[in-house]
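Here the structure is laid out as structure tokens; the discussion comes afterwards.
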Amino acid sequence: MSFKEPVVIVALDYASAEEALALASTLSPRDCRLKVGLELFVAAGPRIVDALQNLGFDVFLDLKFHDIPNTVARACSRAYDAGVWMMNVHALGGPRMLAAARAAVPPGTRLIGVTVLTSHDAAEIVALGLGEGGARVRALAGMCREAGLDGVVCSPREAALLADLRGDGFVLVTPGIRPAGTPADDQRRTASVAEALRAGADYLVIGRPITKDPDPAAALARCVAEARAQELGIGTDEDGR
Ligand code: C5P
């Protein structure tokens, strides 16, 4: 992956448009893209997507659609109408739902599938009946590729397992990024920026390590610097690994 384009996607998990726009106004579209997820979308509605796009940012609409094929396809159409750069659906919706979503989203807007949430640990994955996590992620990622999606969301710890699926525009998007010294919060299968890129991630979703930092712009700059260093082959993690 070349860093001519921003690889960091900042997760704007806020309760209001005001808070999201205040943070966005301290960041640059040259350094990052922005993710609108469930909390912000429920609180602020589609207008927040317009407002962020008007500031020049690409928006990843992370609503993880998971419903019957017709409902998901129609929701994807509305997201496409909003002009978002990327959107997602749950791969667990199955092949017919994925195909319906693909048919609803013309090329140009990236449509990706969530494999297994990065908040699940191994015991929870078993409790959900999903078997062994790595095998389930691989099977779901393969299903997404088969359905013509543009990539998947996976844990950075699973990106290497999916290396052979990458390419031809099929990308790996990894949340669960935790720079050294930042708390895991509710995430369970985490990695640093450099580790995720080394494992083959194309885009990194980073929320609280940036948004909860006393200086979010500086926290983003540290992530971008770590990513660039990794690209140039001079990357070590912040703790020297
Ligand atoms: O704050 P943090 O860096 O944990 O934020 C991660 C973001 O990525 C959240 O907005 C979460 O909804 C999202 N996400 C995730 N795991 C997935 C898909 C999306 O953590 N599998």
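For ligands, and for the atoms within them, numbers begin at 1 and follow the listed sequence. Quick caveat, the model's predicted, so the values are computed rather than measured.
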## Note on the structure
for atom 2 (P) of ligand 1, nearest protein heavy atom and its distance come out as R178 NH2, 3.5 Å

### Summary
The protein heavy atom nearest to atom 9 (C) of ligand 1 is D13 OD2, 3.4 Å

### Message
At less than 4.0 angstrom from any non-hydrogen atom of L117, what atoms of ligand 1 do you find?
### Response
17 (C), 21 (N)

### Message
Just to be sure I read this right, does ligand 1 sit under 4.0 Å from the backbone of T118, its side chain, both, or neither, counting only heavy atoms?
### Response
both

### Query
Taking only heavy atoms of R208, which atoms of ligand 1 are found under 4.0 Å from at least one of them?
1 (O), 2 (P), 3 (O), 4 (O)

### Query
So, D164 and R138, do they make that salt bridge, N to O below 4.0 Å?
yes

### Message
If you measure every N or O of V114 against every N or O of ligand 1, does any of those distances drop under 3.5 Å?
### Response
no

### Message
Assess whether a salt bridge exists between R208 and D13, defined as any Lys/Arg side-chain N lying under 4.0 Å from an Asp/Glu carboxylate O.
### Response
no

### Message
Using the side chain to side chain contact (heavy atoms under 4.5 Å, CB included) definition, which of the options L12, I48, V8 pairs with L34?
### Response
L12

### Query
Counting from 1, what ligand 1 atoms have a heavy atom of G207 closer than 4.0 Å?
1 (O), 2 (P), 3 (O), 5 (O)

### Task
Provide the number and element of each atom of ligand 1 under 4.0 Å from a heavy atom of V153.
17 (C), 18 (C), 21 (N)

### Task
Using a strict 4.0 Å cut-off to heavy atoms of P175, name the atoms of ligand 1 that fall inside it.
8 (O), 14 (N), 15 (C), 16 (N), 17 (C), 18 (C), 19 (C), 20 (O)

### Task
Run the salt-bridge test on R47 and D50 with the 4.0 Å N-O cut-off and return the result as yes or no.
no

#### Entry: Ligand-side contact atoms (ligand 1) for residue partner P209, heavy atom cut-off under 4.0 Å
3 (O)

### Task
Select one of side chain, backbone, both or neither to describe which atoms of D185 lie under 4.0 Å from any atom of ligand 1, heavy atoms only.
neither

### Query
Does at least one non-hydrogen atom of K212 fall below 4.0 angstrom from an atom of ligand 1?
no

### Query
What atoms of ligand 1 come within less than 4.0 Å of a heavy atom belonging to K64?
12 (O), 14 (N), 18 (C), 19 (C)

### Message
Any carboxylate oxygen within less than 4.0 angstrom of a Lys/Arg side-chain nitrogen, looking at D213 and R222?
### Response
yes

### Task
Ignoring angles and geometry beyond distance, decide whether Q187 reaches within less than 3.5 Å of ligand 1 through its nitrogen or oxygen atoms.
yes

### Query
Is the closest basic N to carboxylate O distance between D58 and R33 below 4.0 Å?
yes

### Summary
Taking only non-hydrogen atoms of V205 and a 4.0 Å limit, the atoms of ligand 1 in range are 7 (C), 8 (O)

### Query
Considering only the protein, which heavy-atom contact is closest to atom 11 (C) of ligand 1, and what is its distance?
K35 NZ, 4.0 Å

#### Entry: SB check R145 D168 (cutoff 4.0 Å)
yes

### Message
When you measure from the side chain of E132 to the backbone of A135, do you find a donor-acceptor pair of N or O atoms at a distance under 3.5 Å?
### Response
yes

### F60 and W85 aromatic ring geometry - parallel, tilted or perpendicular at 30°/60° bounds
perpendicular

### Exam field: side chain D150 to backbone I112, donor-acceptor pair closer than 3.5 Å
no

